[in-house]
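Here's the structure we're looking at; comments come further down.
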Amino acid sequence: MARARRDLLLRAHRFRLRREDLEDCYSQATLELITRALRGATWASIYRAGIRAISEIVRDNPLAQDYVGWGDPGPGRWVTIYATVAPTPHVFIVVAGLRLDTSHAGTDVGPNRAEGGPRWRLFGHIPTWAHWSVRHPPGL
């Protein structure tokens, strides 16, 4: 569902932010939705499915470096956050063996290697270009 609506939502809000900032907001919204679902949240309707308005996400969106000390230390059983501040701030999440991460066209492997932006990938390895702070949501 998240991937199916990604391009439509990014196009609809392209006047608000730069493309890479919109992709960060979209990733944050997806992370929040997954976290709420893992905690057992249910929604009365599919509409918005608990995702906040983009204006709220832009206003309250934690930066990648904010996740370096977020949650509990170490990998989680099902959900793990990897965050770094150097050489550039970056964060991604692994959920049940799938990695939700961003990349630029040509920096990925597999069938999506020519595409840029956030997407799910099989969790084969952790990128080695940074020293990662490994964290997990409390209780997960």
Side-chain angles (χ1 to χ4, degrees):
M1 177 73 169
R3 185 172 184 185
R5 298 287 184 225
R6 176 184 166 268
D7 290 333
L8 174 68
L9 289 170
L10 292 179
R11 275 195 312 273
H13 294 283
R14 67 182 175 265
F15 67 93
R16 296 179 189 270
L17 295 169
R18 295 178 307 150
R19 174 85 177 185
E20 46 280 357
D21 292 331
L22 280 173
E23 289 174 347
D24 286 344
C25 289
Y26 190 75
S27 296
Q28 175 65 28
T30 303
L31 172 64
E32 289 179 16
L33 179 60
I34 290 167
T35 300
R36 289 185 66 188
L38 288 171
R39 290 185 178 152
T42 58
W43 296 277
S45 111
I46 297 293
Y47 175 72
R48 284 183 38 124
I51 298 175
R52 298 181 305 158
I54 195 160
S55 60
E56 293 176 37
I57 294 169
V58 170
R59 185 184 68 233
D60 300 334
N61 187 31
L63 302 172
Q65 56 267 32
D66 295 335
Y67 286 97
V68 170
W70 179 84
D72 291 336
R77 182 173 178 199
W78 295 105
V79 178
T80 303
I81 303 288
Y82 293 83
T84 189
V85 295
T88 182
H90 187 71
V91 65
F92 65 90
I93 185 172
V94 175
V95 178
L98 293 175
R99 187 174 92 212
L100 178 62
D101 199 358
T102 58
S103 77
H104 301 287
T107 60
D108 199 359
V109 296
N112 295 324
R113 66 183 164 273
E115 298 177 22
R119 65 184 160 276
W120 291 99
R121 300 182 178 88
L122 292 177
F123 179 58
H125 70 283
I126 300 298
T128 58
W129 57 266
H131 176 71
W132 300 101
S133 172
V134 181
R135 314 291 292 184
H136 65 275
L140 297 179

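Sequential numbering from 1 along the given sequence is applied to the chain's residues. What you are looking at is a predicted structure, and each value in this text was computed from that prediction instead of being measured. Excluded from the calculations below are hydrogen atoms, water molecules and symmetry mates; all remaining heavy atoms, backbone and side chain alike, are included.
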In short, Val134 meets Pro75 closest at the heavy-atom pair CG1-N, 3.7 Å

Residue pairs meeting side chain to side chain donor-acceptor pair (under 3.5 Å), one or both in residues 84-95, sequence neighbours left out, come to His90-Asp101

Closest non-hydrogen contact found for Ala86 with Ala130 is O-CB, 3.5 Å

Below 30° counts as parallel, above 60° as perpendicular, anything between as tilted: where do the rings of Tyr82 and Phe92 land?
parallel

### Query
Linking I/L/V/M/F/W/Y whenever their side-chain heavy atoms sit closer than 4.5 Å, directly or via other members, would Tyr67 and Leu100 fall into one cluster?
yes

Query raised in the report: Do Val91 and Val68 sit in the same hydrophobic cluster, where Ile, Leu, Val, Met, Phe, Trp and Tyr count as joined when their side-chain heavy atoms come under 4.5 Å apart?
Result: no

- Compare all side-chain heavy atoms of Pro127 with those of Trp132 and state whether any distance is below 4.5 angstrom. yes

Open item on the list: Under 4.5 Å between side-chain heavy atoms, counting indirect links through other Ile/Leu/Val/Met/Phe/Trp/Tyr residues: same cluster for Trp129 and Val85 or not?
Closed with: no

- Okay, side chain of His136, backbone of Gly71: is any donor-acceptor separation there less than 3.5 Å? no

So CG of Leu98 and CD1 of Ile93: to nearest 0.5 Å the spacing works out to 11.0 Å

Sequence neighbours excluded, the answer for ring-ring contact (aromatic ring centres under 6.0 Å, His included) partners of Trp78 is none

